[in-house]
Structure formats: C-alpha cells, structure tokens
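Have a look at the structure below before the remarks.
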Amino acid sequence: MDINEKVRVRFAPSPTGALHIGGAHTALFNWLWARHTGGTFILRIEDTDRERSTAEYERTIMDGMKWMGLDWDEGPDVGGAYGPYRQTERMKEYTDTANYLVDQGKAYKEGDAVIFKVPRGEQVTFQDVIYGDISVASEKASMNTDGSIKDIVMIKSDGRPTYNYAAVADDHAMNITTVIRGEDHIANTPKQILIYRALGWTPPQFAHLPMILGGDKKKLSKRHRATSVFEYSGMGYLPEAIFNFLALLGWTPGGDIEIFDRDLAVNKFELSKVTKKPAVFDMKKLDFVNQEHLKAMRPDDRRKAIEPFWRELGLSPGSFAPKYLEDSLALMGGRGKTTKELAEFSDYFLEFGPVKSRYTAEEVTPKERETLNKFFASAFAEFGPDIWDARGLEAFAREWCEKNGASLKEIAMPMRFALSGRRVSPGVFEIASILGREECMKRLSHYGFVR
RNA sequence: GGUCCCAUCGUCUAGCGGCCAAGGACAUCGCCCUUUCAAGGCGGCGGCACGGGUUCGAAUCCCGUUGGGACCGCCA
C-alpha cells in the first residue's frame, strides 16, 4: 500500500443471517480505521451462496450496522465508483478473469468449474498489520485433510465464484488498501495471495482481528446464546454500549479509559495496536459498560431509549409529559443495567396497576396500620399539593417518628410498597414527590394506609 | 492428522530490556454511606503457563515444552 494512498477498507458479509457479534466487531474495526484515517468504508455483499443468501438478511445486516452507528461510503444501496457492490452483480468480471488464468495455463477447467493450479516451490509471505510476518510454503497453502496439495476452486460448477477467488477479484477491483477481517481468515490469506500473484496483482495489506470467544473459549457462534446485535438491542443494550464494548475486545484507547463514545474511539484508534489474543465475550462487563452509558445519557435520550420497553410492558409513556418521565428516570440513578430493566423498575410511575398486582398489604398488622394511619393523617394535613416535596416530607417523617417513638423504616417500607409495589426502589419520599400528592393519596388509600 | 496462529489476575487489558516485589477495569469479598436497593467512597483476594538460554538486568528478546485456538467445502 502506498503510504500516501487513501485508505479503503471494506466489510464484506454474506447475507445468510442477521449481523452477529463477530461480524459487528469486524465491521466496527473497519469503520474505525476508515474514519480514523479519513478513508473510505465500503460495504460489499458476498451473496454467491445462492441457497443461503437472501435480500431480507442483507437488509437486516444493514439495519444492524446502522443501529450501531456504522455508516458506509460505498455500498449496494448508496452506490459508488467501484460498484456494483453485490457479488452476484459482478459475475462477468469473475468469469473473464478466471478464463484469463485458464488461457495463461495457471488454471484449468473441470466441467463448468474453473480450478486454480497451486504452484509448487514458492514461499508465500505477508506482513499482517496485527500478527506480523506470516509465511507458508505454497504447497501447504491449500491442502486436503490428509496433507496432500489441493488446487483451489475459483468458479463452481454452478458458474459462481468461490469466496477465496471472489474476495481477491473484488478487493483488487475495488482498490481495497487494507483487508481487515477475522483471524479465522488467516489460513485463507496465502491461497488468496497465490491468486493475486498469478494475476500479476499487488495484494492489499492484511490485518486479521482476534476472534471473539464464548464462555467456553470457542469461536462465538449461534450455539452461544444471543449472537445477533438485534438480540442485544431487544434485551435493552444501547448501541453506543455495544460499540464501546466491542471496541474494547482487542483494543484500548489507552490512558485507562474504558468508557468512551464514537468520537474518542475514532480519534484514538490504531490498527497496529490491536491485540492478537482472542477475547472472551463477557456479559458482565457488557452490563457494566451499558450501565455507564445509561448513566451518562441525556435525560431525553434516555427517556426515548426506554419508551419502547415501557410499551412492551403494556404501558403508555405517550400519555405523560416527557419531563415527568425524565424526572422519574432520573430518580432511578444508577439502578438498572439495561433499558429494559429500567423500564421494569420504573413501571409504577406510569400506572398503579403493576403495583396492585405485586403488593396486597396482607402482612401489615393492625398495629402497624394504626401507626401508618396516624402518620399519613398528619402528613397529608401538613402538606398541601403546593408544598408536596421530597425534602419536606422526609424531614417531617423523621421528626414525626422521633416524636412518636417509631423508626423511619416502619413508615418508609410500607410506603415504598404501596407506592411502587417493590421492596427495592429509590427513596420513597422522592417517589412520592414525583407521583404527586393526589396519586399518593390514591395509592395509600387503596391499601388503607390513609383513611 | 496436517498447516498456521496465540499465551499477563476468573474475564477484558496496560506493559513493547531497567521507572514492575506487574498497573487499570469487570466480576468477587469486606467496610463506609443508608428508609430498601443501586450508585458512590475505601480496602481485600487474584496473574507474567513451564524449562532453558541471551543480557549487568527479562513479563518484555531467542529456543523448546505444555496448553489453547483457527483453518483444512464447488460455505463465506
């Protein structure tokens, strides 16, 4: 690669499934490198597997990338000077080039297929940006399981190109300067370099990314619970958190920074600093990263992220003032790892229904009830709607308890249950303040805490 | 089986010959805060796989061993 040449990288998924974590990781690193260098990020669809590829999956992959905030400069939908960007639309080029190699005597036909003849006695060496020098004898670049040399299929009997050949043809045609892909492709690289050589083309630079492993230390695959980015979005993970977390798998911005946004990542990203060791996908850390992003979010963004999950619970955030919902959420503080959890934890701000289904006040003894009645009678007498606020309420409660020989807990816990239906919640007086005097009256009366 | 790759706390990592009796983060444990739970603060536990070299000096360089992974489809 010419040092002055503008970086051109590509993400080349095959549309045979949704965008999974591994693919998202690869796409992310390609994107980071393009954005960091001011280069071009290309999306190419490798749809030569006619049985498994669908337009639906192609769309899903694009949606997944958009969800993560990975935009591309050239691709099947946006076009570009090196199109088309779908392999099924580049068939002529593949056959022409393969035929050229046949004419040169470097490949041969076998029925409708075209097979590349693996040369002997050559050394294939390349300098991986991440792994360093990798070298293998040409005879060993493509082998059968028994170790014998295996020629490389370029065009299949159905007329379509194979991955190893199409990738070469396209990366060359699209002027890709750096091929950034998973480490599982490291073994394919020598085969591809052999094809570049036969064609007289200069190979691009290669950068292989460490694999992402499941808890069993095996390459992450469908067997490992959620693998598509949309499953994570459905579980309540924020795109910026997935972005952040995935970037941390094999790379760090340095300076002990672990929580960051896209801009910082773009700014600091360095391909040569990516680690070689495969990384285990740790959900616990993802939870942490997600929680940090949740905490750092602007109130209205947080509200918008949570609204879909409220709706999923059958609640109607649309019937409340945004400010009310945002204040409620602000109260949740650091509680909740995901938007989904936050929606669940805050359901009582939107409706009394969930509270009633969770709490019946069965265990409250007559004596406890009497104390509660006395307390709330004076509290409601003391605080009108205009001065119904957390601070005042709390101070009043503390004073009242002291005077009446009760513990704050005796008041706070039943009150918490009556207002939220939960044993665990933010401060009760703050909840009361947000809910408002009238709503509190309603809920407390329902349980007979107020007469 | 063959080829290639990898190797720092359970996990993600910093470290690129002396600043390391190895730093940070997650997880975990304990304490503080406290109306509950989080959050926050403080602290604990925990690692350079092993063996040889090279060097005045090695987590850092070399070799070997062991362990792990990827690939070996007319799938990509």
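Note that the coordinates shown come from a computational prediction; the quantities given were computed from them, not determined experimentally. Reminder, nothing fancy here: chain letters follow the sequence lines and each chain counts from 1.
Rounded to whole angstrom, the span from the CG atom of A/Asp184 across to the P atom of B/A70 amounts to 9 Å. The distance between atom NZ of A/Lys217 and atom C1' of B/G10, rounded to the nearest whole Å, is 8 Å. Remark: P of B/A27 and CZ of A/Phe281 are 15 Å apart, rounded to the nearest angstrom. Following rounding to the nearest Å, A/Phe375 (CZ) and B/U35 (C1') show an atom-to-atom distance of 11 Å. Straight-line distance from the NZ atom of A/Lys409 to the C1' atom of B/U34: 10 Å, rounded to whole Å. Between the C1' atom of B/C26 and the NE2 atom of A/His293 lies a distance of 14 Å, rounded to the nearest Å. If you take NZ of A/Lys276 and C1' of B/A14, they are 15 Å apart, rounded to a whole angstrom. Distance CG (A/Leu248) to C1' (B/G24): 11 Å, rounded to an integer number of Å.
As judged by a 4.0 angstrom heavy-atom cut-off over every strand, A/Gly250 is placed among residues touching the sugar-phosphate backbone only. When heavy atoms are screened at a 4.0 angstrom cut-off, A/Glu46 is found touching the sugar-phosphate backbone but no base atom. Across all strands, A/Thr48 comes closer than 4.0 Å only to sugar-phosphate atoms, never to a base (heavy-atom distances). Within 4.0 Å of A/Ser14, counting heavy atoms only, lie sugar-phosphate atoms of the nucleic acid but no base atom. Looking at heavy-atom distances under 4.0 Å, A/Met211 makes no contact with the nucleic acid at all. Note on A/Leu408: a base of the nucleic acid sits closer than 4.0 angstrom, heavy atoms only. Within the nucleic acid shown, A/Ala187 comes within 4.0 Å of sugar-phosphate atoms alone, with no base atom in reach, counting heavy atoms only. Counting any heavy atom pair closer than 4.0 Å across all strands shown, A/Val428 reaches a base atom. Using a 4.0 Å heavy-atom cutoff across all strands shown, A/Glu394 reaches at least one base atom of the nucleic acid. Residue-level contact check: A/His185 touches the bases, meaning some heavy atom is under 4.0 Å from a base atom. In this structure, A/Pro426 reaches the bases: a heavy-atom distance under 4.0 Å links it to at least one base atom across the strands shown. Within 4.0 Å (heavy atoms only), A/Glu410 reaches no atom of the nucleic acid at all.
Spacing of C1' atoms, B/U60 relative to B/G53, comes out at 15 Å, to the nearest Å. B/U13 sits 9 Å from B/U8 when the P atoms are compared, rounded to a whole Å. The separation of B/G18 from B/C9, taken at their C1' atoms, amounts to 24 Å, rounded to a whole angstrom. Across B/A70 and B/C37, the matching P atoms stand 44 Å from one another, rounded to whole Å. Spacing of C1' atoms, B/C71 relative to B/A76, comes out at 13 Å, to the nearest Å. Rounded to whole Å, the C1' atom of B/A7 lies 8 Å from the corresponding atom of B/A49. Comparing B/G1 with B/G46, their C1' atoms are spaced 39 Å from each other, to the whole Å. B/G47 and B/U28 have their C1' atoms separated by 16 Å, with the value rounded to a whole Å.
The side chain of A/Lys219 has B/C71 as its nearest neighbour among B/C74, B/C71, B/U35. Side-chain atoms of A/Phe288 lie closest to B/C26 of the nucleotides B/C26, B/U13, B/C4. Listed candidates were B/U3, B/A70, B/A39. Nearest to the side chain of A/Lys218 is B/A70. Side-chain proximity of A/Asp282 to B/U13, B/A70, B/U11: nearest is B/U11. Of the candidate nucleotides B/G69, B/C4, B/U35, B/C4 has the atom nearest to the side chain of A/Ile186. Side chain of A/Asp256, nearest nucleotide from B/A76, B/C12, B/G23: B/G23. Comparing B/C74, B/U35, B/A76 against the side chain of A/Asn188 picks out B/A76 as the nearest. Taking the side chain of A/Tyr131 as heavy atoms from C-beta on, and the options B/C71, B/C6, B/C37, the nearest nucleotide is B/C6. In this structure, of B/U35, B/G40, B/C26, it is B/G40 that holds the atom nearest to the side chain of A/Glu292.
Residue A/Lys284 has no polar side-chain atom (N or O) positioned under 4.0 Å from OP1 or OP2 of B/A25. OP1 or OP2 of B/G2 has not a single side-chain nitrogen or oxygen of A/Lys140 nearer than 4.0 Å. Taking 4.0 angstrom as the limit, A/Lys150 places a side-chain polar atom (N or O) nearer than this to OP1 or OP2 of B/C74. Taking side-chain N and O atoms only, A/Thr275 has a distance below 4.0 Å to OP1 or OP2 of B/U13. For A/Ser407 and B/U35, the shortest distance from a side-chain N or O to OP1 or OP2 is not below 4.0 Å. OP1 or OP2 of B/U8 has at least one side-chain nitrogen or oxygen of A/Lys277 nearer than 4.0 Å. For the OP1/OP2 pair of B/G2 and a distance below 4.0 Å, the side-chain nitrogens and oxygens of A/Thr145 include no atom meeting the criterion.
No salt bridge links A/Lys367 with A/Glu370; every basic N to acidic carboxylate O contact stays at or beyond 4.0 Å. For the pair A/Arg303 and A/Asp300, the salt-bridge criterion is not met [side-chain N within less than 4.0 Å of a carboxylate O]. Ion pairing between A/Glu46 and A/Arg86 fails under the 4.0 Å rule for side-chain N and carboxylate O. Using a cut-off of 4.0 Å between Lys/Arg side-chain N and Asp/Glu carboxylate O, A/Glu74 and A/Arg8 are scored as salt-bridged.
Taking the side chain as every heavy atom from C-beta outward, A/Ile242 and A/Met68 approach each other to under 4.5 Å. Put simply, the side chain of A/Arg160 does not reach to within 4.5 Å of the side chain of A/Tyr94, judged on heavy atoms.
Contact of A/Lys285 with B/A25 (side chain to base): a donor-acceptor pair of N or O atoms is detected under 3.5 Å. Contact annotation: side chain of A/Arg423 to base of B/U36, donor-acceptor pair absent below 3.5 Å.
Mapping A/Arg335 and A/Pro278 onto RNA chain B by nearest heavy atom places A/Pro278 at the nucleotide closer to the 5' end. Residues A/Arg52 and A/Ser425 each lie close to RNA chain B; by heavy-atom proximity, the contact nearer the 5' end of the strand is made by A/Ser425.
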Legend entry - CA sep, side-chain torsions, deciding dist, call: A/Glu439, A/Arg443, salt bridge (Lys or Arg N to Asp or Glu O under 4.0 Å): CA-CA 6 Å; A/Glu439 184 64 22; A/Arg443 297 188 183 189; 2.8 Å; yes

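The closest side-chain donor-acceptor pair between A/Asp47 and A/Gln87, if any, does not fall under 3.5 angstrom. Donor-acceptor pairing under 3.5 Å is lacking for the side chains of A/Thr162 and A/Asn164.
Across all strands shown, B/G64 pairs with B/C50; the Watson-Crick or G-U wobble distances both stay below 3.5 Å. Of all nucleotides present, only B/C32 satisfies the Watson-Crick or G-U wobble test against B/G40, with each distance under 3.5 Å. Figure legend. B/A25 is base-paired to B/U11; pairs are counted as Watson-Crick or G-U wobble with both atom distances under 3.5 Å. B/U3 is paired with B/A70 under the criterion used here, namely a Watson-Crick or G-U wobble arrangement in which both key atom distances are under 3.5 Å.
Of the possible polar contacts, none joining the A/Trp31 side chain to the A/Leu70 backbone as a donor-acceptor pair under 3.5 Å is found.
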